[in-house]
Novice: 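Quick one: this structure, given as structure tokens, is what I'll be asking you about.
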Amino acid sequence: MFNLHDQLIKLENEEPEIENEYDFINTETAKTKRALNSLTDQLVESNRAINDPEVFDVLQSFSRDLRGLDGKVIARGMDAIIAGLESEIQYLSKNIENKAVDTSSHGEILDRYAYILQWVIDGLESETTSNQGNTGLSRTKGRKTAKRAEKNLLVCEIVPGWGSKAVELFSAVRQLFNLRLSRLWGSTPERDSFIEVFIRIANKILENTAYLKNPELQSQLFHILCICVVHYNKVYNIATMVTQSIQHYDHLGEPLAVLLKMCTEQYEVTQLADEVLRGMANKEFSTVHDRSGPKNLASFIISLSEQSPKTMIRHIGVFVHYLDSDSHLMRSAIIEIIGNLIIFLAEQEQTEITRNQIIEYFDILEQRFCDIHFLVRAKVLQVCQRLCSIKAKFPKQRPRLVDLVIKRLHDKTSSVRKHAVRAMIALLETHPFIMDGGELVIEHLEEQSEKINKELEALTKKASQKIRNPEKSQSSPKYKESGDDEDEDEDEDEEQVPEKDKENEEAINEQGEERDSAVGTKDDNVPEFTPEDANRVMELQMRQRYYRDAMYFVRQVQGAIPTLCDLLGSTNKQEVMEGINFFVAAARYRIAGAQQGIRRMSHLIWQPSGNNANEETKGIHAKLIESYYQLYLTPDPRATLQENTNRITKNLITLTFNATLAELTSLEALLKAMMNEGYIADEVIQKLRNVYGYTKKNLPAAQRRGAILVLSMLAKAQPSIVTDDIDFYLKVGLGTYGHEDLLVAKYTCIALQSLVDSPNFISRDVEEIEIKRLPMNNPIFQRLSQILRLSCHDLEWFPAAEQAINSIYSLGDKPSELATSLLKDQFNNVLRAIKEDNPTDSGNGSADSTTIDGTTNNQNNETDGDEMDVENDDEATIKASPKIGSFVDSWELSKLLFMVGHIAIKEIVLIELIESNLKNQKSKRDAEKKNEGISEQDEELNQVAGTTEDDIGEAIASIREREFLHTPSSLLANYAPLVIHVCSSPATYGDQTLQVHAITALAKLMCVSSSFCEQHLPLLLNILKRSNSPVIRSNIAIALGDITVCFSNLMGENVHFLYEPLRDTDLKVKRSMLMVLTHLILNGMIKVKGQLGEMAKCLEDPDPRVADLSKLFFSELSSKDNAIYNNLPDIISSLSTSDGGVSEENFARIMKFLFEFIKDKDRQAENVVEKLCQRFRATTEPRQWRDISYCLSLLPFKSERSVRRLLDGFSCYQETLSDNTVHKNLSDIVVKLRSQSFQKQDTKIIVEELALKITQGRARATGEELADEASGINSEQANLAMAQSYDNMDVYSDDEL
């Protein structure tokens, strides 16, 4: 009699003995196949053949040797087993219900098949086959077996068609389990042993991830397990199997959730799910680092909530306690489950119970927005995104979700911020306010709301006239609310409104009180509506609430836009990408303020996009171009070509409206990139030209300006836009329209500069340059001269003149000649403007010379608020001529000085270009000398330019230094004294515009010659010190940076003047100087000599731009060689002094920021400890003691040497321990050291010694008794120390005592 249970135990303990064994390993393949074919025939022909010892022994031999067999042989053997089992199952299917047939003996047959299958599956379904190939490899197939052993292949990869065979096998087993198996065995344990074999086989199969790709096999296994639960009461066995499988195998979470769903829904049995979930709800995870257990459990319950949400709803109560678990994986899982359940409930019929459940689940989600782990917060935001994707809009919870998502935009973790932006996009794209087409224009919403209010007022007034008591009808009563439901809704809305919007809500509520009046009440003070009016009032009330909610949502989104703009500058590229997506969506819905982000996005064009750029920055660059194309250049398929061209042209022109210089610069680079990509069609360019040259009727100035501005930007990528029709641009931009609108002239000059790109001249020969540059009689220069000679009183003349001069020097072959003529003409205009009236009129100042704004200036002896008197400060200062100073036209003089200054700069650029060209020419000719002799032309060139590049540089420098400003025949030399005279006489020349351009011209002239700069630098610094105009001070701050670049040796002795504007009260001056210093220091143009303290003070500046720029400066400076470490003592001294320092709170924040740059450098930290300890001796001020001790507390003390140095320096600071703050900071160091678990024993001894000394020093400094607890000495040591002190006292005399 075959006992399955006993045989399985033997199989587990040892390999069973086989009497009639068949050696499959050492038998030839042909014989093996014939034996298996014969075995198959026997099993199919006779159900009882397996009871034959020889047949059964062959099957056992096959099961034993199959690991060493070829895949085809294994497949043949499995066919035999499956065929025999199917034959037996077919027989039982026909006869098991026939009482006349005795089927009791068939139980043993099934047991034998189960035994063989258990053995075969255990042998085949191993993790690897690396331990299989040491035996039985002497056959011809041994090489293949060894090869597969090396690859660790699974059986499904070895046995041909194993997947289909497994499906066939378990399909037959499923058919068998549906029969009344109790008739086959005499006892239930025997039947259970047979059934449990297949439960184990199913578990073994599921452990192999390869089978999960076969859904048919998975389905058959799950049906078998469900039948075991339903018909054979194997709930506990399968629940245990499921629990253990989830605990040990990562891949089984989702499949086993499908099993529970099948058992619950198809077989309508919930016991298995109840048993499994109850067991898992009580799981406890030992440590936070236990990741596998929580991860697998989280995967399972999440899948179950997706597959069978009804099951999860019944058990969610026992899993909620995991929200308090230390495992963030479990907290995240519960959050995701809550989201799945909300989605499920939202799709069901909305009963009171369902609504309450949804409210409870939303409460849980809102609480988790502030979870301590960033992954949980990110998961909540992901759930919000999913909730937005369903049909239900959750109007009561949505406003609160928006507020919570906006708060997460300020999260300290980038991944949370990224998901917060995605959630904002989802909330925006799925908003429920689609009554007016879905666009969220706040003005339109307010207009519609106002219309409804007026209509409600009219209806209320009409109904009030029907009240019997006319006195009450005219008294404007306050009406009652219409019903309890409305009250409840109002209360709920009030809870959703944050504090900052309560005032707006109250105003809206006051406007809506009249439309909330009761429709059906009969009180004397309540209007009575007709049925038609009552219906209309109800409709208007609903629409009023709709628009109120819409306006509130739009204001929420608008409030988040500044934060989202800041995220565009994030270092995390995913945040930047999501920020771009948000502003594209906001612009699509016409959210007010979205254009602010769109403009800010344009600066991302400067992200690297070349071959050296990484994939992330390339992605941002491509995303930006795609977004702008989507917003402004995408054609509408429903419109005609002409309509699309007009719309795209309008979009491009609109981009230039109210744009700053930085935005225009970025837009130029962006349009250039889009032009190179072919996104801008020729039709759009032609339309821009048409707008620029439109003459039929008056065109808004902004449109013509925008058209030429866009054309000038596109010409950077395609110069033919300008070169193909230069006369057109001269006629429009430098003709009548340019004279009327100087901004058009300015942008036209910029467009003309695309004719020749001056940097390209550097690599070309002189002959090529002569061909490229235009002769001075070209009509272009005549038109440019007209702009410069234009008589007008418009401030826009100065930027137009600047670009005109730039064009002259970029295009002309002899620009200096034209510049000389222009300066002479303007100087004559100044002379003609001098009034030669009666000298008695000089008492009235400048004879009422007209200023730019049309007012008159009195320039006698009084000065306005922006004037300063520096005439007596320098003996070399030129005194004002009473006649010229009184009667000069300030506007004409301003134009002259502006031209002098800008021409000086362009002369420097021109001579540097000539120098570069000469050096290139020299290098080229030197290369030719290797093959040719020196010609006469080369000899002449050597006589002029020298024989080396240094000679060329010296010659050019000599011309610049000695001729530009010191030769009487020079272009600029004649005008320099006039510039100096005006700058030195602010009382005489008090016009603000004149002073600004005069000082700017002086600064530009100082960049020409070092001797001129040295001579007049005191004047410029004096003006910086005394000027009341922030514009002048800001310009001088920038000019000092240029002077430093040109003549660094001159500013070396006066470098402290560069830091003085950092203390300026005007933010513009401070920002300008900070940017200049950042450029100079980071590029090594000046050496830092103890002035970094002034830069550090800017870290706590009230202006966020100044503070952010200062942080950026120190972050970049930290990458230099020990720059912050070397200057740290000077920074501390500058900030800690009572005179000119900062408050202790600001000092703490600044030092905390700076010490982050040296925390990870142990050697520097050790040296800083020693230096700080020495500083205690150098000061007697308690304030500095506190500051130094705080700096010490910021150090990490990671090494034993740093602790030792702090202990060795105890004598330096022991006297300062009387200060409470000093003692606290040093005590905090001890606490920090004691908490470090990586310390060695020697370090711990040093720490305890330091703690003892600090405690004793504190006691001596304050005169307090030394407490045992503070000293760290136990009671016995304290008593011993006290006894020793008494013994020592005996040796003293009474007087000494």
Side-chain angles (χ1 to χ4, degrees), residues 1092-1093 1096-1101 1124-1125 1127-1159 1164-1198 1202-1236 1246-1272:
L1092 276 185
K1097 292 177 183 178
C1098 296
L1099 290 169
E1100 287 298 315
D1101 195 90
I1124 295 181
Y1125 164 74
N1127 291 275
L1128 192 60
D1130 294 331
I1131 295 176
I1132 295 174
S1133 298
S1134 176
L1135 300 180
S1136 184
T1137 57
S1138 56
D1139 183 16
V1142 296
S1143 65
E1144 293 191 47
E1145 294 78 9
N1146 289 345
F1147 178 88
R1149 287 191 291 268
I1150 293 173
M1151 287 297 107
K1152 186 175 182 180
F1153 175 79
L1154 294 179
F1155 270 74
E1156 291 292 331
F1157 299 114
I1158 63 173
K1159 272 189 173 182
Q1164 292 183 3
E1166 295 166 7
N1167 295 335
V1168 169
V1169 172
E1170 184 175 0
K1171 291 180 179 180
L1172 291 177
C1173 290
Q1174 295 297 329
R1175 293 184 69 85
F1176 277 107
R1177 289 181 172 176
T1179 180
T1180 58
E1181 296 184 8
R1183 158 68 196 277
Q1184 294 190 9
W1185 295 347
R1186 294 191 293 270
D1187 291 343
I1188 297 171
S1189 64
Y1190 177 77
C1191 293
L1192 283 172
S1193 67
L1194 294 175
L1195 294 171
F1197 293 97
K1198 294 181 180 179
S1202 61
V1203 183
R1204 170 63 68 182
R1205 292 189 179 185
L1206 182 62
L1207 177 62
D1208 294 342
F1210 178 76
S1211 59
C1212 300
Y1213 56 83
Q1214 62 178 346
E1215 300 298 332
T1216 67
L1217 290 172
S1218 59
D1219 189 276
N1220 294 332
T1221 304
V1222 175
H1223 179 256
K1224 180 183 179 300
N1225 291 332
L1226 294 175
S1227 299
D1228 290 343
I1229 296 175
V1230 174
V1231 173
K1232 181 194 303 183
L1233 291 171
R1234 285 173 173 170
S1235 64
Q1236 295 176 353
I1246 298 174
V1247 170
E1248 295 304 322
E1249 183 179 355
L1250 175 64
L1252 178 60
K1253 284 193 172 186
I1254 291 175
T1255 305
Q1256 292 175 344
R1258 170 70 173 178
R1260 285 193 296 269
T1262 57
E1264 298 176 356
E1265 293 290 336
L1266 184 63
D1268 294 344
E1269 295 83 357
S1271 64

Novice: Side chain to side chain contact (heavy atoms under 4.5 Å, CB included) between S1136 and E1181: does it pass, once the steps are laid out?
Specialist: CA-CA 10 Å; S1136 184; E1181 296 184 8; over 6 Å; no
Novice: Do D1187 and R1183 sit within salt-bridge range, that is, some charged N less than 4.0 Å from a carboxylate O?
Specialist: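 Yes, D1187 and R1183 are salt-bridged.
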Novice: Evaluate the side chain to side chain contact (heavy atoms under 4.5 Å, CB included) criterion for residues E1100 and E1145: first the C-alpha distance (whole Å), next the side-chain angles of each, then the deciding distance (0.1 Å), finally the verdict.
Specialist: CA-CA 10 Å; E1100 287 298 315; E1145 294 78 9; over 6 Å; no
Novice: About how many Å separate OG of S1133 and CG of N1127, when rounded to the nearest 0.5 Å?
Specialist: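 It comes to 11.0 Å.
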Novice: To the nearest 0.5 Å, what is the distance between CD (E1166) and CD (Q1164)?
Specialist: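 E1166 CD to Q1164 CD: 10.5 Å, rounded to 0.5 Å.
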Novice: Could you tell me the separation between the OG atom of S1227 and the CG atom of L1250, rounded to the nearest 0.5 Å?
Specialist: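 Spacing of OG (S1227) from CG (L1250) equals 9.5 Å.
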Novice: Between T1179 and W1185, what is the shortest heavy-atom contact and its length?
Specialist: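 Minimum heavy-atom contact is O-NE1, 3.3 Å.
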Novice: So how far is it from D1228 CG to S1189 OG, rounded to the nearest 0.5 Å?
Specialist: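 Nearest 0.5 Å value for the CG-OG distance: 9.5 Å.
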Novice: With L1128 as reference, evaluate L1092, L1172, N1167, I1158 under the side chain to side chain contact (heavy atoms under 4.5 Å, CB included) test and give the passing residue.
Specialist: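 Option passing the side chain to side chain contact (heavy atoms under 4.5 Å, CB included) with L1128: I1158.
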Novice: Side chains of F1176 and L1192, heavy atoms from C-beta outward: is any pair under 4.5 Å?
Specialist: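 They are in side-chain contact.
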Novice: In Å and rounded to the nearest 0.5 Å, what is the CG to CG distance from L1206 to L1233?
Specialist: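 Here the rounded value is 7.5 Å.
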Novice: Run F1147 and C1191 through side chain to side chain contact (heavy atoms under 4.5 Å, CB included) and show every step you take.
Specialist: CA-CA 10 Å; F1147 178 88; C1191 293; 3.7 Å; yes
Novice: Apply side chain to side chain contact (heavy atoms under 4.5 Å, CB included) to residues I1132 and M1151 and explain how you reach the verdict.
Specialist: CA-CA 8 Å; I1132 295 174; M1151 287 297 107; 3.8 Å; yes
Novice: Using every non-hydrogen atom in the two residues, find where K1171 and P1129 come nearest and quote the distance to one decimal.
Specialist: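 Closest approach of K1171 to P1129: CD-CG, 4.4 Å.
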Novice: Which heavy atom of L1154 sits nearest to which heavy atom of I1124, and what is that distance?
Specialist: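 Where L1154 meets I1124 most closely, the heavy atoms are O-CG2, 4.4 Å.
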Novice: Contact between S1134 and K1097 at the side-chain level, heavy atoms closer than 4.5 Å - yes or no?
Specialist: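 When only atoms from C-beta onward are counted, K1097 and S1134 do touch, with a gap below 4.5 Å.
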Novice: Between N1220 and R1186, does any side-chain donor sit less than 3.5 Å from a side-chain acceptor?
Specialist: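 R1186 and N1220 do not have a side-chain donor-acceptor pair below 3.5 Å.
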Novice: Can you tell if the side chain of T1221 reaches within under 4.5 Å of the side chain of Y1190, non-hydrogen atoms only?
Specialist: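 Sidechains of Y1190 and T1221: no contact.
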Novice: To the nearest 0.5 angstrom, please state how far the CZ atom of R1258 sits from the CG atom of D1219.
Specialist: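 Those atoms lie 8.0 Å apart.
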Novice: Looking only at non-hydrogen atoms, find the nearest pair between S1193 and K1232 and report the distance.
Specialist: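 That would be O-NZ, 2.6 Å.
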Novice: What pair of heavy atoms forms the shortest contact from R1177 to S1211, and how long is it?
Specialist: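 Looks like NH2-OG, 3.1 Å.
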Novice: Under the side chain to side chain contact (heavy atoms under 4.5 Å, CB included) test against L1217, which residue among T1262, T1255, L1226 passes?
Specialist: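 Passing option: L1226.
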Novice: Measure across A1251 and R1234 and return the closest heavy-atom pair with its distance rounded to 0.1 Å.
Specialist: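 So the two residues come closest at CB-NH2, 3.3 Å.
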Novice: Hey, are the side chains of I1229 and I1254 touching, using non-hydrogen atoms and a 4.5 Å cut-off?
Specialist: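 No - every pair of side-chain heavy atoms lies 4.5 Å or more apart.
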Novice: Holding to side-chain contact (heavy atoms from CB on, under 4.5 Å), I want the full list of residues that pass it with E1156, two or more places apart in sequence or in another chain.
Specialist: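 Only K1159 meet the side-chain contact (heavy atoms from CB on, under 4.5 Å) criterion with E1156.
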Novice: Counting N and O atoms only, with roles assigned by atom type, does the side chain of K1253 sit under 3.5 Å from a partner on the main chain of Q1214, one being a donor and the other an acceptor?
Specialist: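 Checking the backbone N and O of Q1214 against the side chain of K1253, no donor-acceptor pair under 3.5 Å is found.
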Novice: Under 4.5 Å between any side-chain heavy atoms of Y1213 and I1188, yes or no?
Specialist: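 No, too far: nothing below the 4.5 Å cut-off.
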